[in-house]
Amino acid sequence: MNPLSLSGISKHFGGIVAIERFDLEVEAGEVVALVGDNGAGKSTLVKIISGVHQPTDGEIRLAGERVAFRDASDARANGVEVVYQDLALVDLQPVYMNLFLGRELRRKPFGLLDRAEMARQTQQLVDDLDVRIPTAKATLSDLSGGQRQAIAIARATHWASRLVLMDEPTAALGVAETAKVEELILKLKARGAAVLVVSHNMEQVFRIADRVTVLRRGRQVGTTRVAETSHNELVSMITGLSS
Amino acid sequence: MTIAPTRAPAEKGVQLVVRSWRQYVVYVGFVVVFLYFAATQGASFLNGTTLVNIVTQATPITIMAVGTVFVLSLGEIDLSIGSTVALAALTAAVTLQVSGAWWVAALAGLAVGAVVGLVNGLFVTLVRLPSFLVTLATMGLVAGLAQQITNLQSVPVTDEAFGWLFGGGTLLGIPILIWWSAVAAVIGWHVLRQRRFGAHVLAVGNTASAARVSGIRVTRVRIAVFMLSGTTAALAGLLYAGRLAGATYTLGTTDLMSVLAAVIVGGTALTGGRASMIGAVVGSLFMSMINYGLLLAGLTVAQQEIVRGVIILIAVSLSLRGKKGS
Ligand SMILES: Nc1ncnc2c1ncn2[C@@H]1O[C@H](COP(=O)(O)OP(=O)(O)OP(=O)(O)O)[C@@H](O)[C@H]1O
Ligand SMILES: [Mg+2]
């Protein structure tokens with residue numbers, strides 16, 4: 001049973017057809033890239049899988065089991081983690097609070113926040129993933145954009161039990177920071193997670209993805225192994241122009 | 001949310017010093033003003049009675065400051081606390097006359113505060129109005145109700161138990177009002193720093209969308225905070241009624257500015273996500289000390305208000321300037 005299987009997913013916003021009959025399987029330990037022009041429907045698809053939007057039609061299965069999420073936290077509770085384009089972190093809080101946001105650890109018997117344990121687990125996680133931050137107790141706003149995105153991915157790594165979705169995780173990052181985030185994505189894959197990543201960067205798709213699926217104005221143009229396609233072929237699938 | 005460019009470490013160090021300096025404005029200010037009054041007024045300021053009075057006079061402000069820290073942490077504001085003080089005090093006083101039971105009166109007063117907070121919270125969350133407008137409206141509404149229920153008449157409070165618990169009692173030789181301040185401060189700090197609820201309030205005030213996708217029940221948190229704020233205002237009302245042995249519709253009318261000043265000077269950001277409970281409590285004592293010192297200095301009420309306004313302006317500018325987005 002694949003961690004994620006989508007069949008016939010459609011989404012209409014009033015009269016607008018954002019997604020039409022989308023099918024995809026993502027295997028464990030596989031990175032699938034989702035590409036397409038602006039407005040193609042990539043973010044909408046991510047939001048459908050993560051429970052933010054409900055599909056107008058179609059079926060989502062996680063490990064073979066059919067699911068219909070009420071909201072994003074429902075999806076999270078079912079092991080679907082999302083790294084958002086716009087981060088979704090709280091920048092005035094320390095790194096460890098961001099890692100445990102909404103799932104804070106508490107100490108018996110009075111249920112006090114266990115800050116020391118959260119900081120300890122966070123430190124261990126960032127050390128394991130080789131994310132370089134001063135300390136797990138640093139305030140997020142004191143970190144660079146790349147460090148923050150690394151924290152968002154570390155959080156997904158920590159909590160994801162089967163599937164991680166990423167919407168343009170490197171869009172705002174420089175070259176070195178992008179390399180670091182790509183390295184993290186490959187670590188996630190090595191740990192056996194299924195990863196679906198939205199990207200505008202073709203070089204990146206070739207560096208990290210096993211397969212790539214192309215959306216054009218809500219329609220799925222095709223899905224192919226990265227090893228069996230070329231930069232030019234992908235671009236013409238995205239734009240609809242033959243090169 | 002924007003991504004800040006990587007800064008040079010040296011610049012970061014400087015920013016850190018500037019930021020922490022701003023957090024300490026209230027403590028520095030407290031010490032400076034304390035030393036000033038001590039030096040200029042000597043023993044008439046530096047004696048046990050005066051120092052106890054500074055704390056007990058501050059008690060209602062301290063308690064409302066605890067609630068307001070949560071409200072500002074959310075990035076919201078509650079302007080209705082001042083008029084809630086009067087309505088809760090009058091409700092308690094009238095209930096006391098009718099029922100004769102101090103605890104029924106106290107619960108009735110607190111319930112009034114919780115209901116005002118619930119109404120504020122519902123309009124802010126479900127109707128999605130800015131809290132500034134909602135609480136401006138309820139401020140007027142509640143003040144009107146307070147004038148209406150007893151037709152502008154004061155209501156005396158003669159119940160001994162009520163007067164002891166909310167006014168002149170002492171416990172282990174310490175005035176009951178100091179106990180109230182201490183308990184409110186400790187509980188407020190505990191909930192803000194050691195409970196999930198406090199962490200969620202700060203997260204919602206910082207970035208509500210991030211809190212929501214993290215599974216935090218944002219609406220519930222917001223409503224709870226407004227109810228907390230209303231309840232602390234009601235408790236302040238009970239304390240006035242107990243100390244003054246009566247309630248009238250003018251109670252608390254000038255408290256809003258003192259409370260906001262205390263909390264902001266204490267290092268809580270108006271923009272949400274950043275809070276200091278200890279700073280707010282010290283801030284409320286700071287405000288009380290200024291009031292007392294100016295009174296001792298023999299200034300007229302008008303002069304006191306002018307000096308107080310200037311001091312608040314200076315202190316708030318020092319603690320707020322460039323705090324967010326710097
Ligand atoms: N909540 C919404 N209501 C109405 N229309 C929407 C909504 N969300 C998205 N759309 C529309 O759906 C289409 C797909 O948008 P989407 O954000 O998924 O594109 P995208 O592929 O992520 O683009 P980009 O590369 O710019 O991020 C667009 O035409 C957009 O206007
Ligand atoms: Mg998008």
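The sequence lines fix the lettering, A, B, ..., with proteins before strands; numbering per chain opens at 1.
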Student: Relative to chain B, which segment of A:R115 carries a heavy atom at a distance below 4.5 Å: side chain, backbone, both, or neither?
Tutor: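 The answer is the side chain of A:R115.
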Student: Does CZ belonging to B:F123 count more than 12 external heavy atoms closer than 6.0 Å?
Tutor: no
Student: Taking all non-hydrogen atoms of both residues, which atom of B:I216 and which atom of A:G102 are closest, and how far apart?
Tutor: CG1-CA, 4.0 Å
Student: For residues B:R195 and A:G111, report the shortest heavy-atom separation together with the two atoms involved.
Tutor: NH1-O, 3.6 Å
Student: Does B:F132 CZ have over 12 foreign heavy atoms under 6.0 Å away?
Tutor: no
Student: Of all the heavy-atom pairs spanning B:N206 and A:L92, show the shortest one and how long it is.
Tutor: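 Looks like OD1-N, 2.7 Å.
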Student: Under the criterion side-chain contact (heavy atoms from CB on, under 4.5 Å), I'd like the reasoning laid out for B:S214 against A:R103: C-alpha separation, chi angles, the key distance, then a yes or no.
Tutor: CA-CA 8 Å; B:S214 301; A:R103 299 184 270 217; over 6 Å; no
Student: More than 12 non-hydrogen atoms from neighbouring residues, nucleotides or ligands closer than 6.0 Å to NZ on A:K187, yes or no?
Tutor: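 Counting other residues, nucleotides and ligands, NZ of A:K187 exceeds 12 neighbours.
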Student: Under a 4.5 Å heavy-atom cutoff, which of B:H200, B:R196, B:H190 has the most pairs with chain A?
Tutor: B:R196
Student: Taking all non-hydrogen atoms of both residues, which atom of A:L101 and which atom of B:A203 are closest, and how far apart?
Tutor: CD1-CB, 3.7 Å
Student: Tell me, out of B:R217, B:R212, B:R193, who's got the most heavy-atom pairs with chain A below 4.5 Å.
Tutor: B:R193
Student: Using a 4.5 angstrom heavy-atom cutoff, name the option from A:M97, A:Q93, A:R106 with the most pairs to chain B.
Tutor: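 Result: the option with the highest number of such pairs is A:R106.
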Student: Out of B:V204, B:L202, B:T207, which residue meets the side-chain contact (heavy atoms from CB on, under 4.5 Å) rule with A:V90?
Tutor: B:T207
Student: Taking all atoms of both residues into account, what is the closest heavy-atom pair of A:S73 and B:G215, and its distance?
Tutor: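 Minimum heavy-atom contact is CB-CA, 3.3 Å.
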